[in-house]
Amino acid sequence: SLLHNNLHWSMHTSTQAAHKLPDDWEMQCEDQVMCLSHYIKMFSVPPKLIINADQTGVCLIPAGNKSWALTGAKQIVTMAKEEKHQFTLMVASSTVGDMLPFQSLHKGKTVSVLPLVKHRVEGESMGILWTPGGLTHWSSIGAMQAWVEKVLVPYIQDIKQKLFLSSCQKAILFIDAWSIHRSDMFMGWMKQKYPYIKVTFVPAGCTQPFPFIPFLD
């Protein structure tokens, strides 16, 4: 190619440390699968009421990890590599693939940090929730409570009506073992206000390899 033959450039990839799994990650995942299977069987939880949710940081200016440079170069410079501005996206789906509306969290205490109203109208019509995150864009107790009340609970209630289920029918919320999720404040609030929602956790450090679907077999 022109870049390789004339400029002596080749494609380079930046590197990062590999994710480290706990030594007993397979046993932890297997134990969690057994616990989930037992709960599903005991309370006859339908697949549509088993919801897996997770949060991910989204860069406002996406930057790739590859760039052209002189062949043999040791230092590779990429644009926007130091750009840290992000928002957090809360994504959830049921085990049959039903997608719940997203929650978008932005750093700041007021709605002024959110996208302009005219840019939120279409998303809000589909149930997407925009939330000021406070001091950081990461989720907080208040943000999680807002997501439960405005996204999770309406979805569960809608499914119960469509499947002609009892209002006390159990549901499962399966999330990662983050400190906010496991906090006494959040768990106590869930148990008091929504006792029919069983909150359970992906074993710490096992988010990537955890086999979420097979336990339904």
Side-chain angles (χ1 to χ4, degrees), residues 28-29 31-57 87-107 109 124 127-208 210-213 215-216:
Q28 289 191 48
C29 290
D31 288 346
Q32 184 61 283
V33 166
M34 296 303 294
C35 289
L36 283 165
S37 299
H38 174 74
Y39 193 86
I40 292 168
K41 182 71 173 179
M42 177 178 290
F43 294 102
S44 300
V45 183
K48 282 181 173 288
L49 291 183
I50 305 171
I51 299 100
N52 179 216
D54 199 5
Q55 297 158 342
T56 184
F87 66 93
T88 294
L89 196 67
M90 181 72 161
V91 182
S93 67
S94 74
T95 56
V96 296
D98 293 337
M99 293 298 301
L100 279 66
F102 299 142
Q103 181 189 39
S104 181
L105 286 141
H106 298 257
K107 180 180 179 180
K109 297 182 179 180
E124 288 176 343
I128 294 177
L129 177 65
W130 275 272
T131 308
L135 297 178
T136 72
H137 64 83
W138 291 111
S139 189
S140 62
I141 296 291
M144 279 300 299
Q145 291 174 334
W147 177 79
V148 169
E149 292 183 326
K150 297 180 180 180
V151 177
L152 179 63
V153 170
Y155 168 79
I156 292 175
Q157 291 175 339
D158 181 60
I159 294 300
K160 287 181 179 180
Q161 291 178 356
K162 289 179 178 178
L163 298 182
F164 304 101
L165 300 172
S166 166
S167 60
C168 59
Q169 166 66 52
K170 299 289 187 180
I172 294 174
L173 172 60
F174 191 51
I175 51 180
D176 66 312
W178 189 38
S179 58
I180 292 293
H181 299 160
R182 298 180 66 94
S183 67
D184 292 340
M185 184 178 296
F186 178 68
M187 290 300 295
W189 179 81
M190 287 293 296
K191 290 177 181 178
Q192 180 181 13
K193 196 161 186 180
Y194 303 106
Y196 57 85
I197 302 177
K198 169 70 172 178
V199 182
T200 187
F201 303 97
V202 178
C206 299
T207 303
Q208 293 179 347
F210 191 87
F212 180 54
I213 300 300
F215 72 78
L216 292 175

Enquirer: Run the side chain to side chain contact (heavy atoms under 4.5 Å, CB included) test on Val91 and Met99 for me, step by step, so that the C-alpha distance in whole Å, both residues' side-chain angles and the decisive distance to 0.1 Å come before the verdict.
Expert: CA-CA 8 Å; Val91 182; Met99 293 298 301; 3.7 Å; yes

Enquirer: Using 0.5 Å steps for rounding, measure from the NE2 atom of His38 to the NZ atom of Lys41.
Expert: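 The NE2 atom of His38 sits 11.5 Å away from the NZ atom of Lys41.
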
Enquirer: Nearest 0.5 Å, please: how far is CD in Gln145 from OG in Ser140?
Expert: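 One finds 8.5 Å between OG of Ser140 and CD of Gln145.
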
Enquirer: Would you give the length of the straight line joining atom CD1 of Ile175 to atom CD of Gln55, rounded to the nearest 0.5 angstrom?
Expert: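 One finds 8.0 Å between CD1 of Ile175 and CD of Gln55.
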
Enquirer: Taking CE in Met185 as the centre, count heavy atoms belonging to other residues, nucleotides or ligands within less than 6.0 Å. Is the count above 12?
Expert: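 Not more than 12 within 6.0 Å, no.
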
Enquirer: What are the two closest non-hydrogen atoms of Ala92 and Trp147, and how far apart are they?
Expert: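 Nearest pair, atom of Ala92 first, then Trp147: CB-CZ2, 3.7 Å.
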
Enquirer: Heavy atoms, side chains only, cut-off 4.5 Å: are Leu152 and Tyr194 in contact?
Expert: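 No - every pair of side-chain heavy atoms lies 4.5 Å or more apart.
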
Enquirer: Using 0.5 Å steps for rounding, measure from the CG atom of Leu100 to the CD1 atom of Ile128.
Expert: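 These two atoms lie 12.0 Å from each other.
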
Enquirer: Determine the interplanar angle of the His181 and Phe186 rings, folded into 0 to 90°, and report it as parallel if under 30°, tilted if 30 to 60°, perpendicular if over 60°.
Expert: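 The rings of His181 and Phe186 sit tilted, inter-plane angle from 30° to 60°.
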
Enquirer: Give me the atom names and distance for the closest heavy-atom approach of Gln32 to Phe174.
Expert: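 Answer, listing the atom of Gln32 first, then Phe174: CG-CE1, 4.0 Å.
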
Enquirer: Taking the side chain from Lys170 and the backbone from Val45, do they hold a donor-acceptor pair closer than 3.5 Å?
Expert: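 Not confirmed, Lys170 side chain does not pair with Val45 backbone.
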
Enquirer: Which atom pair, heavy atoms only, marks the closest approach of Gln169 to Tyr196?
Expert: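 Looking at all heavy atoms of both residues, the closest pair is O-CB, 3.8 Å.
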
Enquirer: Look up atom CG in Asp54 and atom CE in Met90, then write down how far apart they are to the nearest 0.5 Å.
Expert: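 One gets 7.5 Å once the value is rounded to the nearest 0.5 Å.
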
Enquirer: If you apply the rule side chain to side chain contact (heavy atoms under 4.5 Å, CB included), what do you find for Ser183 with Ile141, and how did you get there?
Expert: CA-CA 9 Å; Ser183 67; Ile141 296 291; 3.3 Å; yes

Enquirer: On a heavy-atom basis, which atom in Val151 and which in Pro101 lie closest, and how many Å separate them?
Expert: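 Smallest interatomic distance, heavy atoms only, reads CG1-O, 3.4 Å.
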
Enquirer: For Gln103 and Ala146, work out which heavy atoms get closest and say how close.
Expert: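 Nearest pair, atom of Gln103 first, then Ala146: NE2-CB, 4.4 Å.
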
Enquirer: Could you label the plane-to-plane angle of the Tyr39 and Phe43 rings as parallel, tilted or perpendicular, counting under 30° as parallel and over 60° as perpendicular?
Expert: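 Tilted: the ring planes of Tyr39 and Phe43 meet at 30° to 60°.
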
Enquirer: Roughly how far, to the nearest 0.5 Å, is the CG atom of Leu49 from the CD1 atom of Ile156?
Expert: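 Going from CD1 on Ile156 over to CG on Leu49, the span is 6.5 Å.
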
Enquirer: Any side-chain heavy atom of Tyr155 sitting closer than 4.5 Å to one from Lys48?
Expert: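 Yes, close enough: below the 4.5 Å cut-off.
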
Enquirer: Between Leu129 and Thr131, what is the shortest heavy-atom contact and its length?
Expert: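 That closest heavy-atom pairing would be CG-OG1, 3.6 Å.
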
